[in-house]
Amino acid sequence: MNFKKLLKSDFNKNFATLFSGSVLAQVIPLLVSIVLVRIYDPEDFGVLAIFNAMVLIFTSAINLRYEFAIPLPKEDVDAVSIAFLSMIVAFLLSIFLLIVFFFLKQPLLELIGGQQLGNWVYLVPFAAFLGGLYNALNYFSLRFKQYKTIAGSNVIRSTSNASLQLGFGFLGFNHAGLILGTFLATVFGNYKMVKHFFLFRNHFKEVNRFSMIKNAKRYKKFPLISVWGIFINNLSININNFFISNLYGVRQLGYYSYGYRYLNMPLSLISSNMGQLFYQICADCYKENKPATKEFISTFKKLLVICVPVFAVLYFVIEDLFAIVFGEEWRVAGTYSKILLPLFLIRTVFGPLSMINPAFERQGIAIMLQIFLFGGNIAAFLVTYLYRLELTDFLKLYTVIGIGTYCISLITSFLIASKKI
């Protein structure tokens with residue numbers, strides 16, 4: 001391997017910038033979590049998991065996916081216009097969510113097994129709006145290759161989240177401290193990217209309802225088609241929290257969610273950062289009307305080189321690691337994580353490569369893939385419910401079905417990159 005060439009690659013240097021910031025953003029809460037598990041109960045983390053699942057599901061669709069259109073226009077003024085459009089859509093949908101929760105709070109909480117969340121459910125729409133702002137600002141920064149800004153924002157959000165949760169815990173808060181810490185950290189995390197956005201304030205006066213309507217029509221496939229795909233994807237990933245809470249109780253959800261959180265750490269470090277860079281490269285290929293086959297294969301190889309060693313090591317140490325770091329009580333979280341490791345491996349590889357779908361505006365195929373993945377999860381839920389499987393057996397079934405569906409989706413994404421479908 002030519003390491004000099006590897007180091008000179010813009011893709012690899014930009015990935016290193018985003019990755020290093022993300023590593024720092026993850027290491028800080030990991031260190032703090034050693035204390036958090038001794039302050040909060042597993043049930044508190046279970047309630048937080050329900051809150052986070054709701055926020056993640058809604059945040060994924062709160063901008064109607066217009067944020068993905070921000071890197072695509074040739075003119076910066078259009079990018080600014082789409083950014084404003086994306087933020088306005090997020091605000092309006094957040095208000096709608098708040099109204100829905102006001103009238104349907106109790107049946108909704110009973111449906112998802114989240115009765116202990118109580119009135120904190122009203123914070124979900126506000127958290128989703130802040131997440132929507134982050135989505136728009138993140139892709140605006142990505143358009144201008146402001147990777148240090150994105151990395152810095154992630155560090156601020158992660159550091160403030162860990163500090164606030166720790167502080168609230170020492171003050172005697174229960175799950176409320178975890179929820180407040182998560183919410184307030186999103187506010188702080190947006191600060192750096194807001195500053196970058198305002199560097200383009202000279203374009204603000206050129207943005208009006210006509211320019212936003214023009215761009216809304218130009219990129220209408222994102223809200224009409226793409227949004228459903230990502231909504232279903234996030235629903236299929238996070239619906240486990242509701243299912244486990246209902247069938248096995250919030251305490252078991254606390255163990256599962258804590259294991260999932262730290263198993264998801266290498267996933268988010270690799271997948272989100274590589275995905276953002278791959279999306280930008282594919283968007284450039286799309287503008288030039290050429291396939292991204294070479295870029296797809298190159299990114300696939302990079303992901304395998306990075307992921308396989310990480311997940312191989314984790315498979316042999318993860319149970320003991322949880323017991324040593326968090327206490328023997330949390331070994332069960334490591335057991336759940338070990339079962340899910342193969343699924344997380346293929347999901348980590350598929351995540352960045354699936355960005356070819358929005359970049360090439362193949363939203364129709366993307367939504368079919370997400371429905372396919374969601375159908376696999378529902379099948380696992382139904383079998384588990386009908387046969388009353390133990391939680392470990394459910395996770396094994398969920399992993400096997402997930403691997404099969406992701407393999408088929410990966411092949412389909414390659415065909416899209418090659419412009420064969």
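- For the pair Arg347 and Phe344, the distance from NZ or CZ to the six-membered ring centre is under 6.0 Å and the angle to the ring normal is within 45 degrees.
- Aromatic ring orientation, Tyr258 versus Trp330: tilted (interplanar angle from 30° to 60°).
- Residue Glu67 holds its CD atom at 11.5 Å from CG of Leu133, rounded to the nearest 0.5 Å.
- Pairing each heavy atom of Ala127 with each of Thr59, the nearest pair is O-OG1, 4.3 Å.
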Using side chain to side chain contact (heavy atoms under 4.5 Å, CB included), reason through Asp78 and Lys214 one step at a time and then give a plain yes or no.
CA-CA 9 Å; Asp78 286 323; Lys214 179 195 75 173; 3.1 Å; yes
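- Figure legend: cation-pi geometry between Arg261 and Phe45 absent, as NZ or CZ is not positioned both under 6.0 Å from the six-membered ring centre and within 45° of its axis.
- Side chain of Ser94 to backbone of Phe126: no donor-acceptor contact under 3.5 angstrom is found.
- Between Leu48 and Ser257 there is no side-chain heavy-atom pair separated by less than 4.5 Å.
- When the shell of 6.0 Å around NZ of Lys287 is examined, it contains more than 12 heavy atoms from other residues, nucleotides or ligands.
- Side chain of Ser141 to main chain of Leu137: a donor-acceptor pair is present (N/O by atom type, distance under 3.5 Å, no hydrogens or angles).
- Put simply, the side chain of Leu72 reaches to within 4.5 Å of the side chain of Phe222, judged on heavy atoms.
- Side-chain atoms of Leu164 and Leu180, non-hydrogen and from C-beta on, never get closer than 4.5 Å to each other.
- Partner of Met54 under the side-chain contact (heavy atoms from CB on, under 4.5 Å) criterion, chosen from Leu123, Asn241, Leu108: Leu108.
- The minimum heavy-atom distance linking Cys282 with Ile356 is given by the pair SG-CD1, 3.4 Å.
- Ile39 is listed as a side-chain neighbour of Leu166, based on a closest heavy-atom distance under 4.5 Å.
- Side-chain atoms of Lys396 and Thr392 include no donor-acceptor pair closer than 3.5 Å.
- Crowding of Tyr191 atom OH: a count of heavy atoms from other residues, nucleotides or ligands under 6.0 Å not exceeding 12.
- Glu328 CD: more than 12 foreign heavy atoms inside a 6.0 Å radius.
- The two atoms that bring Tyr286 and Ala359 nearest to each other are CG-O, 3.4 Å, heavy atoms only.
- Judged purely by atom type and a 3.5 angstrom limit, Tyr40 uses its side chain to pair as donor or acceptor with the backbone of Gly169.
- The closest side-chain heavy-atom distance from Ile99 to Ile95 is below 4.5 Å.
- Formation of a donor-acceptor pair under 3.5 Å by the Asn234 side chain with backbone atoms of Ile230 is found in this model.
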Please step through side chain to side chain contact (heavy atoms under 4.5 Å, CB included) for the pair Ser418 and Phe296, ending with a clear verdict.
CA-CA 9 Å; Ser418 304; Phe296 187 98; over 6 Å; no
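- For the atom pair CG (Leu410) and CG (Leu415), the distance works out to 10.0 Å, reported to the nearest 0.5 Å.
- The CZ atom of Phe360 lies 11.5 Å from the OG atom of Ser413; values are rounded to the nearest 0.5 Å.
- Side chain of Thr405 to backbone of Gly402: a donor-acceptor contact under 3.5 angstrom is found.
- Counting only heavy atoms from C-beta outward, the side chains of Phe322 and Tyr255 never approach each other to under 4.5 Å.
- In this structure the side chain of Leu263 reaches within 4.5 angstrom of the side chain of Ile318, judged on heavy atoms.
- For the atom pair CG (Asn238) and CZ (Phe58), the distance works out to 11.0 Å, reported to the nearest 0.5 Å.
- Using modelled atom types, one finds no donor on one side chain facing an acceptor on the other under 3.5 Å when comparing Lys192 with Asn154.
- A distance-only check finds a donor-acceptor pair linking the side chain of Asn63 to the backbone of Gly132 [under 3.5 Å].
- Checking Ile179, Leu178, Val32 one by one against Gln165, the side-chain contact (heavy atoms from CB on, under 4.5 Å) holds for a single residue, Leu178.
- In this structure, Phe129 and Phe91 have perpendicular ring planes: the angle between them is above 60°, well past the 30° mark.
- In terms of modelled atom types and a separation under 3.5 Å, the side chain of Ser153 and the main chain of Thr149 share no donor-acceptor contact.
- Between the Asn377 side chain and the Ser236 main chain, a donor and an acceptor come within less than 3.5 Å of each other.
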Would Phe84 and Phe197 count as a ring pair (Phe, Tyr, Trp, His ring centres under 6.0 Å) if you check the C-alpha gap in whole Å, the side-chain angles of each, and the deciding distance to 0.1 Å?
CA-CA 11 Å; Phe84 274 114; Phe197 183 64; 5.4 Å; yes
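- A pairwise comparison of heavy atoms in Ile62 and Ala128 identifies CG2-O, 3.7 Å as the closest pair.
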Worked check of salt bridge (Lys or Arg N to Asp or Glu O under 4.0 Å) between Glu319 and Arg331
CA-CA 6 Å; Glu319 288 182 285; Arg331 178 180 290 273; 5.6 Å; no
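- Nearest heavy-atom pair across Gly131 and Thr186 is N-CG2, 4.2 Å.
- Taking the six-membered ring where the residue is Trp, Phe68 and Tyr139 present tilted rings, their angle falling between 30° and 60°.
- For the pair Ser298 (side chain) and Lys294 (backbone), a donor-acceptor distance under 3.5 Å is absent.
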Stepwise side chain to side chain contact (heavy atoms under 4.5 Å, CB included) check, Tyr315 with Lys338:
CA-CA 6 Å; Tyr315 185 83; Lys338 184 175 182 178; 3.5 Å; yes
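- The distance from the OH atom of Tyr122 to the CG atom of Leu97 is 13.0 Å, given to the nearest 0.5 Å.
- Using the six-membered ring where Trp is involved, Tyr256 and Tyr336 have ring planes that are tilted, between 30° and 60° apart.
- Tested against Phe394 for a side-chain contact (heavy atoms from CB on, under 4.5 Å), the candidates Thr384, Leu247, Val383 yield a single pass: Thr384.
- Dense packing is recorded around NZ of Lys105, with more than 12 heavy atoms of other residues, nucleotides or ligands lying under 6.0 Å away.
- Note: Ser81 OG to Asp76 CG = 12.5 Å, rounded to the nearest 0.5 Å.
- Using a 4.5 Å heavy-atom threshold, the side chains of Leu303 and Leu353 count as touching.
- In terms of modelled atom types and a separation under 3.5 Å, the side chain of Asn161 and the main chain of Ala185 share no donor-acceptor contact.
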Can you list the steps and then say if Leu321 with Tyr262 is a side chain to side chain contact (heavy atoms under 4.5 Å, CB included)?
CA-CA 11 Å; Leu321 193 62; Tyr262 291 105; over 6 Å; no
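- The two residues Gly364 and Ile367 have their closest heavy-atom pair at O-CG2, 3.0 Å.
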